[in-house]
Amino acid sequence: NAGVMQNPRHLVRRRGQEARLRCSPMKGHSHVYWYRQLPEEGLKFMVYLQKENIIDESGMPKERFSAEFPKEGPSILRIQQVVRGDSAAYFCASSYRGLYEQYFGPGTRLTVT
Amino acid sequence: GESVGLHLPTLSVQEGDNSIINCAYSNSASDYFIWYKQESGKGPQFIIDIRSNMDKRQGQRVTVLLNKTVKHLSLQIAATQPGDSAVYFCAENLISSGSARQLTFGSGTQLTVLP
């Protein structure tokens, strides 16, 4: 009974490259959330998706960031032209059809050099 | 409200003692609260939740207390064990809105259990 899976666990990118972070929700979960965490801070909401729909992207930076959750396959958080300030841990959470408990994956630690 | 990049508050307790971790939440309209435990290098792990129509909820070795008057939440851990050492976050949500289900996280408390 696998939990939320994220890959890669660690990602190093040079400034200007693209970063793609993947999230597979728990089995049966159709709601996915992405959060970002800076060192010694709490998680900050970025985007909330259901299958093929973005429900709330109020926490996403206006430029360079995008997210999708296709009908088949994992949710993808994409960061174009990364900058040093994008270095953080990115966590994905999933929930079951509108229930409130969100279960988190292990995160992807992005380092921009 | 926005969390600020401050050093985490810390709490050190002796193994076997009870721990109390406090959290002040930001939105008086929030009606759902969760405590998460985050160990180093891992994602947040759900501990316990409580809705605003309750003021206390108990789980296994943990109790959450909610005081809506002063917007305060606390997590009590009984007989603290070394495996309880972690950062603890409270999170709030507004589920009655029926729309977005984003969680708003507090800044966290580092709990260290001393042998």
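Residue numbering restarts at 1 for every chain, and letters A, B, ... go by the order of the sequence lines.
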Of all residues at least two apart in sequence or in a different chain, which pass the ring pair (Phe, Tyr, Trp, His ring centres under 6.0 Å) check with B/Y25? B/F33
I'd like to know if the side chain of A/Y33 and the backbone of B/L103 have a donor-acceptor N/O pair within less than 3.5 Å. no
Are A/L49 and A/V4 grouped together when hydrophobic residues (ILVMFWY) are joined by side-chain heavy atoms under 4.5 angstrom apart? no
Tell me whether B/L111 is reachable from B/I47 by hopping between hydrophobic residues (I, L, V, M, F, W, Y) whose side-chain heavy atoms are closer than 4.5 Å. yes
Where does the angle between the aromatic ring planes of B/F105 and A/Y35 fall among parallel (under 30°), tilted (30 to 60°) and perpendicular (over 60°)? perpendicular
Can you tell me if NZ on B/K68 sees more than 12 non-hydrogen neighbours from other groups inside 6.0 Å? yes
What parts of residues 13-21 of chain A touch chain B if we use heavy atoms and a cut-off under 4.5 Å? none
A/Q81 atom CD: more than 12 heavy-atom contacts under 6.0 Å: no
Of the non-hydrogen atoms in A/G42 and B/F89, which two are nearest, and what is the gap between them? CA-CE2, 3.4 Å
Given the side-chain rings of A/F104 and B/Y36, with only the six-membered ring counted for Trp, is the space between their centroids under 6.0 Å? yes
Using a cut-off of under 4.5 Å on heavy-atom pairs, state which of A/R109, A/R9, A/Q6 scores highest against chain B. A/R109
Heavy-atom distance under 4.5 Å between the side chains of B/Q102 and A/W34, does that happen here? no
Taking CE in A/M5 as the centre, count heavy atoms belonging to other residues, nucleotides or ligands within less than 6.0 Å. Is the count above 12? no
Transitive ILVMFWY side-chain link A/V32 to A/Y48, under 4.5 Å: no
Roughly how far, to the nearest 0.5 Å, is NZ of A/K44 from OG1 of B/T104? 10.5 Å
Is there a continuous path of hydrophobic side-chain contacts, each under 4.5 Å between heavy atoms, that joins B/I50 to B/Y32? no
If Ile, Leu, Val, Met, Phe, Trp and Tyr residues are connected whenever their side-chain heavy atoms lie under 4.5 Å apart, and connections chain through other members, are B/V62 and B/L11 in the same group? yes
With the side chain counted from C-beta on, respond yes when B/Q38 and A/Q37 share a heavy-atom pair under 4.5 Å apart, and no when they do not. yes
